[in-house]
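See below for the structure under consideration.
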Amino acid sequence: MNQGVSTSTDKIIVDKSRSHRNKAVSKTVRANRERLQSGPSNGAGFDKEMLALYVASVLQGAAAMPILLMMIAAGGLYLTENVQIVGWLIVALVIHALGLLAAQRARRKDLTPEAVVYWRRRFLAVQGLMGIVWALFLLQDCQSCVPRDFGLYKGVALLVALAATAIATILLRYALIVTFAPCVALLTGTAIMAGRGDLVALAIVLSTSLAFLVYMTTRMRRANIQILSVQAEKDDLIAELEVAKSMSDEARRRAEEANLAKSRFLASMSHELRTPLNAILGFSEVMFTEVMGPLNNPTYKEYTGDIHRSGKHLLDLINEILDLSRIEAGRYDLNEEAILLAEITEDCIGMVQLRARTKSITITEQFEQGMPAVWVDEKAMRQVTLNLLSNAVKFTPQGGQISVKVGWTAGGGQYLSIKDDGPGIPEEEIPVVLSAFGQGSIAIKSAEQGTGLGLPIVQAILAKHDGEFILRSKLREGTEVIAILPARRVLQTVPAVQETAAVARRRKSFA
């Protein structure tokens, strides 16, 4: 069966043509959630970030290593007075330049997982070449100086170079071992072959320093990975929140569109719904009263009465739904005029008086005298008063009492209060009663069936008048409802202008 997609917002409640838009969003949310739940247990998930940080640090500290190399070469040249160390300096600078060139090329490339492995190997190769350079520095000899002094200088220089390399290559795994393992191996072998105590001590110090720095750089690398992990989790959380917010906004927008479409539909269906119901009510009443002649079968007469009562109940329900829908759709226009709140209340009491008498309910009135008129929609205020009085009569038990008051508020407005001694409403059920189609549990059991739209309509009409609705109730102690109109709706009376004597016309003098 082919489902056509309509473009009318008045008929679409759920637009199925937009369902595919949320698939990619939902997939992103699931991927982020799985990554957050699993979490990287090692640095494998951050190799790209670690390599990018290493490249950035190499380029930022490009001048640090050449300065260190030149200082070490200058000290060696001063002690040995041998120009061979200048050649060593040139080789070291060339290898360092190769590392900088590789870092610049890596920065311009897209670091895919395969590229990360490739560039890490190249950087480790450069560090291996630099390790050979330091091994050549260790092989430098001095004929004109004391060997012990020159050996001490080489040891100090290697320790400084070891510390500097550890700082520079902290983000590149195994770089420190690749760089200085040849030096440690060469120095250890030389010390064993020569049997010199100073070389043995230097080898022990250098190997111990290398092991300590490898341990420290490993710890620091793990700390950096943890920082990257926390940053990634934060970014994923932010992304998921943004995606969830976009989904929530889309769902809210679609719900608002559906609610508006419902309200527009119901508001535009007033004539189509009421016309057949009026025909049903009219014809059933004619048949029930036997205007056109008697019904031979008494059961048919009973059926016509049931049809009339059911149609009236359905018409009341439709009228309330349409009134509430027009208000929600913004199509409930007020026809405001000056009226007296006490007079409207008195008229509405007369309308419900017959129903109250059938239940032996007493309605007492307490109106303040001399109250000015209010600027409201008379039909709307009659509907508010009738809804509140009908509820009071409906929920008041046999022989009960209803108190109706009209008076001033503390802020200069006017209020209508209706209090009954019915079953009351539990405090936790008050929000339910104030919602559309909501009814309290005790009220449902003890009163006749209703639609649950009376109070929402009252609230909406008072809101259109900038007023307020208050419901106070306690279980088995009755209910009081108060409709309040603001002070700006009260028309202030202007005192009568007193007549004054006419001023005599003065004659002009030409003297």
Below 4.5 Å, heavy atoms only, C-beta onward: do V490 and W375 meet side chain to side chain? no
OG of S57 to CD1 of I167: how many Å apart, nearest 0.5 Å? 11.5 Å
Is there a salt bridge (Lys or Arg N to Asp or Glu O under 4.0 Å) between D377 and K464 once you walk through the steps? CA-CA 10 Å; D377 187 329; K464 294 284 288 186; over 6 Å; no
So with a 6.0 Å cut-off around CD of E336, is the heavy-atom count from everything else above 12? yes
Could you tell me the separation between the CG atom of L471 and the CG atom of L388, rounded to the nearest 0.5 Å? 9.0 Å
Could you name each residue pair satisfying side chain to side chain donor-acceptor pair (under 3.5 Å) that touches residues 203-224, not counting sequence neighbours? Y215-R219
Does some side-chain heavy atom of M130 sit less than 4.5 Å from a side-chain heavy atom of V126? no
Exactly one of Y118, Y54, Y174 should register a ring-ring contact (aromatic ring centres under 6.0 Å, His included) with F123. Which one does? Y54
Separation between CG (L186) and OG1 (T190), nearest 0.5 Å, reads 4.5 Å
Is the shortest side-chain heavy-atom distance between M381 and L416 below 4.5 Å? no
Under a 3.5 Å distance rule, please check whether R472 uses its side chain to pair with a backbone N or O of E480 as donor and acceptor. no
For the residue pair F137 and W88, categorise the inter-ring angle as parallel (less than 30°), tilted (30 to 60°) or perpendicular (more than 60°). tilted
Audit row: L334, H465, side-chain contact (heavy atoms from CB on, under 4.5 Å) steps and yes/no: CA-CA 9 Å; L334 298 178; H465 288 85; 3.6 Å; yes
Hey, are the side chains of V178 and L176 touching, using non-hydrogen atoms and a 4.5 Å cut-off? no
Is there a donor-acceptor contact under 3.5 Å from the side chain of T169 to the main chain of L172? no
A392 and I418: which non-hydrogen atoms are nearest, and at how many Å? CB-CG2, 3.9 Å
Are K245 and D249 close enough, and set up right, to give a salt bridge (Lys or Arg N to Asp or Glu O under 4.0 Å), and what steps lead you there? CA-CA 6 Å; K245 182 179 180 300; D249 292 342; 3.0 Å; yes
Can you spot which of I177, L158, L206, I204 makes a side-chain contact (heavy atoms from CB on, under 4.5 Å) with V184? L206
Evaluate the side-chain contact (heavy atoms from CB on, under 4.5 Å) criterion for residues L475 and I425: first the C-alpha distance (whole Å), next the side-chain angles of each, then the deciding distance (0.1 Å), finally the verdict. CA-CA 5 Å; L475 189 61; I425 305 171; over 6 Å; no
N/O donor-acceptor pairs under 3.5 Å from side chains in residues 59-79, not counting sequence neighbours:
none

Could you tell me the separation between the CD1 atom of I95 and the CD1 atom of I90, rounded to the nearest 0.5 Å? 12.5 Å
If you apply the rule salt bridge (Lys or Arg N to Asp or Glu O under 4.0 Å), what do you find for R253 with E250, and how did you get there? CA-CA 5 Å; R253 186 187 63 79; E250 176 68 14; 2.7 Å; yes
Can you check whether L485 reaches Y415 side chain to side chain, under 4.5 Å on heavy atoms? no
Supply the atom-to-atom distance L213 CG to I170 CD1, rounded to the nearest 0.5 angstrom. 10.0 Å
